[in-house]
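Written below as structure tokens is the structure these notes are about.
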Amino acid sequence: MSSSVTIAEASTSSSSKAAMTRGKKTAAAEAKSAPVKKDKSGKKKKKRELVTPLEYAQRLQERLLEMAATRKSHASPYLRGKRIFYYGGDMQYASEETRGRMDYIIKHGGTVVPTYDPAVITHIVTTDNPPKYPFLRLCSLRSLKEIPDHIPTVKWSWVISGASRRVNPTASSGKDAGKAGHTGNPDGDTAEQIEDASSPPPVDFKLMFHAAFKERLDAGITPYISKARPKPQKVMDPAGHDHSRVTPSEKGSRPNNSEISAISEFTLDRIEPKESEIRDFDSSSLLTDRIPGHSRFSSKLQDGAPVAGSSRESAASRTLNNPELDPLASFYEQARAEKEADNLQSSLSSDEEQDEGADSGGKCVPEHAVSRKRGFLCDSKPDEHTDCANQDVIDKLQELKILHKAKLSAEDNWRVYAYDKAIRALRSYPTRIRSYEEARAIRGVGDKTAQKIIEILQTGNLRRIGYEKTEDVEAINTFQGIYGVGRHTAFKWYANGCRTLDDVRARKGGIRLSPCQEIGLKYYSDINSRMPRSEAADIFNMIKPIALSIDPKLFIEIMGSYRRGKADCGDIDILISRPPNDGKTHQGVLRKLLGELHRRGILTEDLSLPDSFDDLELVYRGLCRRDSSSLRRRIDFLTVPYASRGAALLYYTFNRSLRLKANKMGYSLNQRGLFQGVIRNPSNRLEKLDDGTMVASETEEEILRILGVPWQEPHERIRG
DNA sequence: AGGCAATACTG
DNA sequence: CAGTAT
DNA sequence: GCCT
């Protein structure tokens with residue numbers, strides 16, 4: 001083992017030196033001159049600069065091209081044809097060891113693939129004792145079982161052993177690199193040299209001796225069998241807008257060198273490192289926090305199909321998609337955002353981001369568990385709520401609503417729904433309510449609620465709250481504040497004797513937590529607090545350039561409350577797509593992006609992964625943070641076929657009422673499009689008897705037009 | 001009296 | 001399939 | 001709970 005390190009490092013320095021003497025910059029040398037993240041002072045670092053493994057691998061590939069152009073390495077290319085994903089256990093920055101090993105792989109004819117992509121790689125090579133869970137996270141895998149059988153997972157020692165035992169050190173003519181890829185054998189050029197010859201290459205049982213994980217001892221030895229979880233076929237959109245979707249047969253097919261994932265070439269081949277793009281994110285030069293979606297790529301990305309492109313588009317709406325069209329527009333947007341922050345603040349108005357969550361949580365969470373009522377804690381606005389003429393009423397109803405959320409019955413469910421609606425209506429009601437009749441006249445306020453309103457107005461109190469507010473309800477609400485815990489689980493825990501979060505932490509009553517719930521518990525207060533808008537902007541501004549470095553043509557937008565201009569956000573929703581007009585798609589991008597974000601420590605935990613990364617339509621949920629001293633924040637990534645981007649934006653930035661309106665008009669709106677003629681089974685609403693016809697999906701505009709909704713700026717989209 | 005959005009992941 | 005989440 |  002120590003010998004392997006020695007070899008690797010020796011090779012590093014020798015190859016660097018060789019390249020340097022040619023007067024070319026090596027990858028390592030380039031790395032040294034690269035500006036470093038967060039070096040705002042601009043002072044140069046004396047020590048070597050930090051580079052992520054991805055970047056390092058990318059540069060190595062560049063250097064490889066140079067070398068090929070100039071002259072050949074005299075090292076034996078016994079790794080030719082091996083496309084190796086190397087896992088060094090170093091997340092943030094590539095260590096010396098990692099760099100050395102990557103250099104070594106390249107030098108011996110192998111290809112270093114910067115990200116785990118089962119369609120591309122032939123081998124996974126790791127350190128001697130790779131930590132399993134970090135490895136899985138980095139690859140966005142739920143378990144090792146998801147790695148295809150034809151890809152061996154071996155330790156570095158496997159590479160070294162191949163070097164020392166190789167039979168024929170002479171470089172083969174080396175025409176083809178990929179064909180022998182799956183045989184996985186660095187032990188001599190045997191496999192490659194027989195190549196397409198008569199007998200199949202000998203199986204390399206030595207793989208087992210170097211297996212990185214015992215779970216995968218025989219990986220690479222058994223024939224290729226996809227273990228990908230089968231996923232029910234998704235419905236093609238009826239309007240046939242979905243030309244870009246990959247068919248199931250395609251996606252299940254065996255990896256093939258020529259047609260790898262559409263964008264992988266950006267990662268595999270020449271990656272222009274673009275320091276400035278990648279690292280500028282925390283210099284203040286990129287977006288200010290009020291200008292969603294701005295970047296130097298924005299204009300290209302619009303590509304003739306802007307999301308909200310239309311003549312009716314207001315200045316501000318263009319701003320959102322194309323800020324650079326009008327420099328003043330950004331101020332306009334900012335002004336409105338601030339104004340809204342002042343007026344509506346506290347989020348309480350949108351149904352998407354109920355701030356409440358486990359109220360009463362304050363009792364159990366010593367930390368800064370927020371008084372969700374106000375949903376602040378972090379933001380900048382001094383003057384919080386008030387402004388609503390009936391704020392006291394709203395507060396009481398909200399409190400009652402939360403109490404009902406702890407109940408199991410479907411009835412209470414709908415009760416909550418109704419309170420929600422009434423509260424939203426009250427929030428936008430301009431004047432102080434004076435009578436029962438006046439209250440009743442408000443849409444969403446019925447007899448019962450009107451009575452309650454009067455009681456609050458007259459007594460300043462709601463007796464109902466007092467007698468609903470019992471110990472069990474309080475505890476259950478606290479538990480429900482844990483991500484992944486709903487009313488049933490919370491109820492169960494209560495029944496098992498848990499009363500506080502500490503009880504849960506102690507697993508009182510023998511309760512069990514899913515992995516997701518453990519994360520939810522660990523970061524209870526983080527997750528239940530909102531972030532200032534500026535933090536969401538910072539995070540998005542870090543992520544966007546990274547995504548664009550994977551594929552510059554990506555369409556990437558932030559949605560949700562941020563896009564609606566809120567002053568604080570409960571989470572970050574990011575939409576990713578890609579115009580397919582050059583025959584490529586964003587297929588495969590998400591996994592790479594996630595891996596890179598994990599490496600950089602931006603993503604910290606996964607909450608749920610898509611069933612398969614092969615589709616164009618994916619959902620990811622996780623936690624992220626801006627830097628090591630920030631709180632964890634909820635983040636979602638959604639990818640959709642390009643033709644659905646309008647529907648997706650609408651779906652995730654508008655609220656429920658739009659979907660309701662669509663229903664009333666006989667349409668059905670989902671994240672893929674607006675459909676007409678959907679017929680559902682009356683007894684089972686979830687079953688579609690007829691999928692209907694898609695009538696719109698590309699832009700928000702066309703959908704809104706059909707629904708008869710006047711264009712609204714995202715930040716105006718509170719209610720239908 | 002019946003609807004109240006629609007859909008994906010987890011175990 | 002039930003539970004949870006968006 | 002409210003609405004149709």
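Proteins come first, then strands; the chains are lettered A, B, ... in the order of their sequence lines, and each starts at number 1.
Closest to the side chain of A:Lys688, out of B:dA6, C:dT4, B:dT7, is B:dT7. Each of B:dA6, D:dC2, D:dC3 was ranked by its minimum atom distance to the side chain of A:Thr449; first place goes to D:dC2. For A:Leu609, taking side-chain heavy atoms from C-beta onward, the closest of the listed nucleotides B:dA8, B:dC4, B:dT10 is B:dT10. If you check B:dA5, C:dT6, B:dC4 against the side chain of A:Arg685, the one that comes closest is B:dC4. Which of B:dA6, B:dG11, B:dT10 sits closest to the side chain of A:Pro515 comes down to B:dG11. Comparing B:dA6, B:dC9, C:dG3 by their nearest atom to the side chain of A:Arg142 picks out B:dC9. In the set B:dA6, C:dA5, D:dG1, the nucleotide with an atom closest to the side chain of A:Arg464 is D:dG1. Relative to the side chain of A:Glu617, the nucleotides B:dA6, B:dA8, B:dC9 differ in distance, and B:dA8 lies closest.
If you take CZ of A:Arg487 and C1' of C:dA2, they are 14 Å apart, rounded to a whole angstrom. Rounded to a whole Å, the CZ atom of A:Arg440 is 13 Å from the P atom of D:dG1. A:Glu687 places its CD atom 15 Å from the C1' atom of C:dC1, with the value rounded to the nearest Å.
Residue-level contact check: A:Leu686 touches the bases, meaning some heavy atom is under 4.0 Å from a base atom. A:Arg634 comes within 4.0 angstrom of the backbone, heavy atoms only, and of no base. Using a 4.0 Å heavy-atom criterion, one finds that A:Lys492 contacts no nucleic acid atom at all. Counting non-hydrogen atoms under 4.0 angstrom, A:Asp447 reaches the backbone sugars and phosphates but no base. Within 4.0 Å (heavy atoms only), A:Asp636 reaches sugar-phosphate atoms of the nucleic acid but no base atom. Using a 4.0 Å heavy-atom criterion, one finds that A:Tyr419 contacts the sugar-phosphate atoms exclusively. Within 4.0 Å (heavy atoms only), A:Glu411 reaches no atom of the nucleic acid at all.
Applying the ring pair (Phe, Tyr, Trp, His ring centres under 6.0 Å) test to every pair with at least one member in residues 393-413 of chain A, sequence neighbours left out, gives these pairs: A:His404-A:Tyr419.
Ring planes of A:Phe135 and A:Phe213: tilted class, angle from 30 to 60°.
Mapping A:Lys664 and A:Val416 onto DNA chain D by nearest heavy atom places A:Val416 closer to the 5' end of the strand. Each of A:Trp414 and A:Leu607 was assigned the nucleotide of DNA chain B with the nearest heavy atom; the assignment lying further toward the 5' end belongs to A:Trp414. Both A:Pro682 and A:Ser514 lie near DNA chain B, and the one whose nearest nucleotide falls closer to the 5' end is A:Pro682.
Using a 4.0 Å cut-off between charged nitrogen and carboxylate oxygen, A:Arg142 and A:Asp611 count as a salt-bridge pair. Note on A:Glu596 versus A:Lys592: no salt bridge recorded, every NZ/NE/NH1/NH2 to OD/OE distance being 4.0 Å or above. Classification of A:Lys566 and A:Asp568 as a salt-bridged pair fails, no side-chain N sitting under 4.0 Å from a carboxylate O.
In this model, a donor atom of one side chain and an acceptor atom of the other lie less than 3.5 Å apart for A:Asp472 and A:Thr470.
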